[in-house]
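See structure below.
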Amino acid sequence: GWQNFATAISDDRFLSSVKHLIRYLLFGACLQVVLGVALALILYECIKNNTLRTIILILLVLPMMLPPSIVGVLWKFLLQANNGGFNHLLINLHLLPAMERIDWLSSKLSLWAITLVDVWQWTALPLLIVYSGRVSLPPAIYEAARVDGASGWLVLRRITLPMLKEIIAIAFIIRFMDAYKFVDHVSVMTQGGPSESSELPVFIAF
């Protein structure tokens, strides 16, 4: 009965997983929405060629179309300490000494690595939501602003973002709902480890 809930709430492992979830929500789900909004507005405002804009949009959406379990396996290999492609990329870019290796799936970095993978895969969702909202905004308002001599920054602050606030809020809600169910990458990449460092409440339930 209710004792099961009391046991769960007072369990150190469960409380630790809740802290991990809060970190993931703050640095994962929020970052996805912020990046999605930025990319959507850059794509609409800066790319004037419709064909090029469509191609870029398709490329940005491709990660979201992959099964999360496949993405987890792919990134697990890329983030390996010794033979992982991510470390080799940093070495080739001279961002990491040739003899040094970062263990991305260690107890200190495993949760951040999983968050990075989730951002890579799911930023496209808020991007699509915000992009569709920006396309639907009436152009007459922007023409009037240009006639009045409003700068691009002023138009962004006073017109675009206020008119998109409900759509951005929907993107936040959807990503927060999905974040609570975030179990695929954890299960495939770390199994909640090492030392329960990447466990989330839904993984414990699983």
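These numbers were taken from a predicted model, which means no experiment stands behind them.
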Open item on the list: Counting only heavy atoms not in Lys48 (residues, nucleotides, ligands), do more than 12 fall under 6.0 Å from its NZ?
Closed with: yes
- [ ] Give a yes or no on whether the backbone of Asn50 and the side-chain of Thr54 come within a donor-acceptor separation of less than 3.5 Å.
- [x] yes
- [ ] Output the distance between atom CZ (Arg101) and atom CG (Asn87), rounded to the nearest 0.5 Å.
- [x] 6.5 Å
Task: Check against side-chain contact (heavy atoms from CB on, under 4.5 Å), Ile173 and Met177 - done: CA-CA 6 Å; Ile173 292 170; Met177 288 168 55; 3.8 Å; yes
Task: Heavy-atom check, side chain of Asp178 versus side chain of Leu125, under 4.5 Å - done: yes
- [ ] For the residue pair Cys30 and Phe172, establish whether any side-chain heavy-atom pair is separated by less than 4.5 Å.
- [x] yes
TODO: Determine, using the 4.5 Å side-chain heavy-atom cutoff (strictly less than), whether Trp75 and Val73 are members of one ILVMFWY cluster.
DONE: no
- [ ] Check whether any side-chain heavy atom of Ile168 lies under 4.5 Å from a side-chain heavy atom of Val33, and answer yes or no.
- [x] yes
Task: Gap between atom CD of Glu196 and atom CZ of Phe203 - 0.5 Å precision - done: 10.0 Å
Open item on the list: Rounded at 0.5 Å granularity, tell me how far CG in Leu89 sits from CG in Leu95.
Closed with: 8.0 Å
TODO: Taking the side chain as every heavy atom from C-beta outward, state whether Leu79 and Met189 have any pair of such atoms under 4.5 Å apart.
DONE: yes
TODO: Give, for atom CG of Leu25 and atom CG of Leu31, the distance between the pair rounded to the nearest 0.5 Å.
DONE: 12.5 Å
Task: Between Ser110 and Ser197: side-chain donor-acceptor atoms closer than 3.5 Å - done: yes
- [ ] Keeping the roles fixed (side chain from Asp11, backbone from Arg13), state whether a donor-acceptor pair exists under 3.5 Å.
- [x] yes
Open item on the list: If you count heavy atoms of other groups shown closer than 6.0 angstrom to CZ of Phe77, is the number above 12?
Closed with: no
- [ ] Would you check if the side chain of Ser17 reaches a backbone N or O of Phe14 as a donor-acceptor pair within less than 3.5 Å?
- [x] yes
Task: Flag side-chain contact, heavy atom, 4.5 Å: Val117 against Gln121 - done: no
Open item on the list: side-chain contact (heavy atoms from CB on, under 4.5 Å) for Leu116 and Phe86? Distances and angles first, verdict last.
Closed with: CA-CA 12 Å; Leu116 168 69; Phe86 207 70; 4.3 Å; yes
TODO: Could you please spell out the steps behind the side-chain contact (heavy atoms from CB on, under 4.5 Å) verdict for Thr160 and Val155?
DONE: CA-CA 6 Å; Thr160 305; Val155 169; 4.1 Å; yes
Open item on the list: Do Ile42 and Ile56 land in one hydrophobic cluster if side-chain heavy atoms of ILVMFWY residues count as linked below 4.5 Å?
Closed with: no
Open item on the list: Please determine whether residues Val188 and Leu105 belong to a single hydrophobic cluster, defined as Ile, Leu, Val, Met, Phe, Trp and Tyr linked transitively by side-chain heavy-atom distances below 4.5 Å.
Closed with: no
- [ ] Indicate if Leu128 and Phe176 have the same hydrophobic cluster label, given that clusters are the connected sets of ILVMFWY residues with side-chain heavy-atom separations under 4.5 angstrom.
- [x] yes
Task: Derivation and outcome, side-chain contact (heavy atoms from CB on, under 4.5 Å), residues Ile141 and Met163 - done: CA-CA 11 Å; Ile141 298 175; Met163 293 183 72; 3.7 Å; yes
Open item on the list: Can you list everything that forms a ring-ring contact (aromatic ring centres under 6.0 Å, His included) with Trp2? Sequence neighbours excluded, please.
Closed with: Phe5
Task: Pairwise distance OH(Tyr24) to CG(Asp118) - rounded to 0.5 angstrom - done: 3.0 Å
- [ ] Could you pull out the closest heavy-atom pair between Asp184 and Pro68, with the gap in Å?
- [x] CB-CB, 3.5 Å
- [ ] Any chance you could measure Leu127, atom CG, to Leu35, atom CG, to the nearest 0.5 Å?
- [x] 10.0 Å
- [ ] Measure across Glu100 and Leu96 and return the closest heavy-atom pair with its distance rounded to 0.1 Å.
- [x] O-CD2, 3.5 Å
Task: Donor-acceptor under 3.5 Å (Asn92 side chain, His88 main chain) - done: yes
Open item on the list: Under a 3.5 Å distance rule, please check whether His20 uses its side chain to pair with a backbone N or O of Leu200 as donor and acceptor.
Closed with: no
- [ ] Would you check if Leu137 and Tyr142 make a side-chain contact, meaning some heavy-atom pair closer than 4.5 Å?
- [x] yes
TODO: Give a yes or no on whether Arg157 atom CZ has more than 12 heavy-atom contacts from other residues, nucleotides or ligands under 6.0 Å away.
DONE: yes
Open item on the list: If I compare all heavy atoms of Ile102 with all of Leu90, which pair ends up nearest, and what's the gap?
Closed with: CD1-CD1, 4.4 Å
Task: Nearest heavy-atom neighbours spanning Thr115 and Gly28 - done: CG2-CA, 3.5 Å
Open item on the list: Determine whether a donor-acceptor pair (N or O, by modelled atom type, separation under 3.5 Å) exists between the side chain of Ser10 and the backbone of Ala6.
Closed with: yes
Open item on the list: Looking at every non-hydrogen atom in both residues, tell me the closest pair between Asp103 and Leu109 and how far apart they are.
Closed with: O-CD1, 3.6 Å
TODO: Mind listing the closest non-hydrogen atom pair of Pro201 and Leu21 along with its distance?
DONE: CD-CB, 3.9 Å
Open item on the list: Would you say Leu66 ends up clustered with Val119 if hydrophobic residues are merged whenever their side chains have heavy atoms under 4.5 Å apart, either directly or through other cluster members?
Closed with: no
Task: Asn49 atom CG, neighbour heavy-atom count above 12 within 6.0 Å - done: yes
Task: Under 3.5 Å side-chain donor-acceptor pair for Ser198 and Thr190 - done: yes
- [ ] Would you check if Leu164 and Leu41 make a side-chain contact, meaning some heavy-atom pair closer than 4.5 Å?
- [x] yes
Open item on the list: Are the side chains of Trp120 and Val71 in contact, using a 4.5 Å heavy-atom criterion?
Closed with: yes
